[in-house]
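Input: a single structure, listed below in structure tokens.
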Amino acid sequence: MSAKLTIVIVEEDRDRAIAIVDALKDSVECDVFVISEASGLGRKIATHAPDIVLIDIDNPTRDMLEELTLASGPLERPVAMFVSGAAGGLAQAAIEAGVSAYVVDGLSPARIKPVMDTAIARFRMVRQMRSELAETRRALEERKVIDRAKGLLMKAKGIDEDAAYALLRKTAMNQGRRVADVAEALVTASGLLG
Amino acid sequence: MKTVTIPVAFMPLVDAAPLIVAQEMGFAETEGISFDLIAAPSWSSVRDMLAFGRVDAAHLLSPVPVAMALGLGGVSTPISAVSVLSANGNVLGVGRALQERLQANGYGFDFADPEAAATALAAVQDRPITFGVPFPFSMHVELLRYWCAGTDLAKTGIEIRTVPPPLMANALAAGDVDAFCVGEPWGSVAVDQGAGALILPGNAIWGFAPEKVLAVRTDWAETEPDLLGRLMRAVWRAGRWLGQPESRSAASIILSRPDYLDVPSEVIDRALSGHLTVTSSGDQRRVDHFVEFHAGAASFPWRSQAKWIAHQLCQSHDTDGCASLDGPAAVFRSDLHRRHLDATGADLPGASEKLEGAIRHATAVASMKGGISLLPDAFFDGRIFDPSDIE
């Protein structure tokens, strides 16, 4: 068996893929290939004869990898999903980090572990960045809606900005809803009436 | 009673309706439970979330728990199918290339005759036709294999490839697949996108096929019998509501929401009403029992249905699990179904196995409370599957 592992990463986002490739190359002796296109995925993976395939848990094309686990699948040696056989702690960490790994039959745990440790750390980082970005975007959206609702109230009731915000907040508290939701309802209603 | 929240995974499909409706129409609330419904990106993800405890219940392809019990696929946690969520509801379709060749040959797209459809397909392509399906363990695969084996397609053969339904239109355009078998709304979406045409409803191949099941971990079923009962009753009542024609438009609107299927309610209504648009020029076909949530004791998980699935899986996969099919068939929990639905007043079959494919017309059978009517469940080739006759 050659010392070098062959790893395939299925990832369409180029920057993300590069980050994961770099991290793997730094910590494990391996050849890494990235597949970014879902079309013909099983065959493309098979041409690299990988030891390990890594994919984001949320990637819908994951179902195409399921074929790799079958004896009749495109690989010479069938693969198993990493979580099914591996030590509990590492498997759980992989799931939480959002990486699923398919590992070829018979690969020793000692060779899998450094790859998984690196992949888990990297996927966790990417996932965290992604959720922070989504959170920021959502907060900005809400800010915009609240500003519009304040503007509508100021105009309709002839009150100043602080009073408009206080009214929104009071309504939200009375109804047990979020300020952003009340603002959203007001903007929608005003759109319908306007 | 304090409301208990149960995390539930589903794939955004029309046949996730009993779970969505149970939550939205208050059937869960009546049982003192609430569903945290999690839309999954893939079937592997649904299976993993259930197997590894991220959710306690799931909308699952009926062959998945059977395959897991046979030792197929990546994960082996024991799973119980406690109810059937829906019978039928798949469509077979072809991409534009095949559609044009079929049309040139005068094929009428009757959306009814499986033998004629196979003959027409075999006449327009001399190499195996590649079908895209959502998952390797699915009723889609088993219906395709059964249909192919008994028709003119057996000569050229078919190939089956997994393609996530949202990517099916791309896969057709790229020539990765020639045809497809998917659950609604994906067939109708493909037609509306001009990606192809529908040739058969799934129930033209098997008249009453268990399509999706309500799945839980077997150890959860054992440690949480009370919650399980509440879950099953809420979902069963939702299925009964869905079975009433007057519920249809409300159901289409609920399912169409962005959190659930996020497609226009009109597209969802095609499956619920059985009025399908089969070509992008707007040809309409009507199918009886296109999808059933309640009629014909649809929720009842017959061991014989699971045994048919296990038998089919063992035809195409070589695994030690195939030595005896009784174990894999027992993942369909007719015992739990009877025990927990007793309180609903549901009338359920007295037997746990039946001959599959033997019913040609709606038929009354002995039940726990008198008599219930089963719907036609014939296979297209007229064969009957006798569960006690399997070696």
Side-chain angles (χ1 to χ4, degrees), chain A residues 10-12 35-46 52-75 78-105 127 130 184, chain B residues 9 11-12 38-49 51-54 61 63-64 67-68 70-77 130 132-138 140-141 159-177 182 186 313 315-320:
Chain A
V10 182
E11 173 60 58
E12 42 186 52
I35 299 178
S36 57
E37 267 273 322
S39 170
L41 188 60
R43 272 170 299 148
K44 282 183 195 158
I45 290 175
I52 299 178
V53 181
L54 299 172
I55 185 169
D56 188 317
I57 275 182
D58 291 335
N59 192 328
T61 57
R62 233 191 102 196
D63 282 345
M64 299 168 91
L65 298 191
E66 193 68 19
E67 287 180 1
L68 303 178
T69 67
L70 303 177
S72 57
L75 287 182
V79 300
M81 232 188 76
F82 169 65
V83 284
S84 56
L90 203 53
Q92 204 62 38
I95 290 179
E96 277 159 21
V99 55
S100 39
Y102 293 78
V103 176
V104 65
D105 220 10
R127 179 161 281 222
R130 205 200 271 162
E184 171 100 50
Chain B
M11 281 293 273
I38 300 166
S42 63
W43 284 113
S44 355
S45 172
V46 173
R47 178 201 55 200
D48 297 351
M49 280 196 263
F52 301 109
R54 168 70 185 83
L61 297 153
V64 169
M68 287 168 81
L70 284 167
L72 295 169
V75 184
S76 57
T77 311
T130 305
V133 298
F135 203 63
F137 307 112
S138 58
H140 313 69
V141 170
E159 277 177 19
I160 296 177
R161 206 161 281 163
T162 307
V163 180
L167 305 178
M168 202 66 82
N170 285 341
L172 287 163
D176 287 341
V177 297
V182 291
W186 293 110
L313 286 169
Q315 309 276 302
S316 31
H317 301 282
D318 187 19
T319 159
D320 298 342

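Below, read A as the first sequence line, B as the second, and so on, with proteins coming before strands; counting in each chain starts at 1. What you see is a predicted model, and the numbers here were worked out from it, not measured in a lab.
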Between [X] and chain A, which part of the residue has a heavy atom less than 4.5 Å away: side chain, backbone, both or neither?
X: B:Pro134; value: backbone
X: B:Ala171; value: neither
X: B:Arg161; value: both

Q | Crowding at CD, A:Glu12 (>12 non-hydrogen neighbours, <6.0 Å) | A |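 Count not over threshold, so no.
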
Q | Beyond-backbone contact of B:Val64 with B:Phe135, side-chain heavy atoms, under 4.5 angstrom | A |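 SC-SC contact between B:Val64 and B:Phe135 confirmed.
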
(Q) Using side-chain heavy atoms (C-beta onward) and a distance below 4.5 Å, is B:Phe137 in contact with B:Met68? (A)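 B:Phe137 does not reach B:Met68 side chain to side chain.
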
Q: Verify side-chain hydrogen bond (donor to acceptor under 3.5 Å, both in side chains) between A:Asp63 and B:Thr162, making sure each step is shown before the conclusion.
A: CA-CA 7 Å; A:Asp63 282 345; B:Thr162 307; over 6 Å; no

